[in-house]
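Worksheet: one structure, shown below.
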Amino acid sequence: MKELLNQLEGLPLLVKIILAIPALDIVWGIYRIVKAVDAKNTVALVIGIVLLFIPFMWIVDIVMILLKGNVWSYA
């Protein structure tokens, strides 16, 4: 799991933004869930699962990628 997290965090900025568009944003949803499981954080896991079903989360992801270089994650 750490390898997947490191690979996603190490992607170039443009690729991160492309993965945040609406149809591909599932990648960042899975990233949040894997990160929560890796950190053994139940609250973050529940938040990650709920965020999978929020339709505007891709906008938040793009803004966070542009501001801090990675998507928002509770874990």
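Because only heavy atoms are used, hydrogens play no part in the values below, and waters and symmetry mates are left out as well, while side chains stay in.
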Pairs where [range] contributes a residue and the test salt bridge (Lys or Arg N to Asp or Glu O under 4.0 Å) is met, not counting sequence neighbours:
range	answer
residues 20-30	none
residues 42-59	none
residues 41-52	none
residues 27-43	K2-D38, R32-D61

Distance, nearest 0.5 Å, that separates [atom1] of [X] from [atom2] of [Y]:
X	Y	atom1	atom2	result
L51	F56	CG	CZ	8.5 Å
L14	L19	CG	CG	9.5 Å
F53	I49	CZ	CD1	8.0 Å
L11	N6	CG	CG	11.0 Å
W72	I47	CH2	CD1	5.0 Å
L8	E3	CG	CD	11.0 Å

Checklist entry - Is there a donor-acceptor pair under 3.5 Å between the side chain of K16 and the backbone N or O of E9? => result yes
Item to check | Where A20 and I62 come nearest, the two heavy atoms and their spacing | outcome: CB-CG1, 3.5 Å
Item to check | Residue list, side-chain hydrogen bond (donor to acceptor under 3.5 Å, both in side chains) with N70, at least two apart or on another chain | outcome: Y31
Checklist entry - Does K68 have any side-chain hydrogen bond (donor to acceptor under 3.5 Å, both in side chains) partners at least two apart in sequence or in another chain, and if so, which? => result none
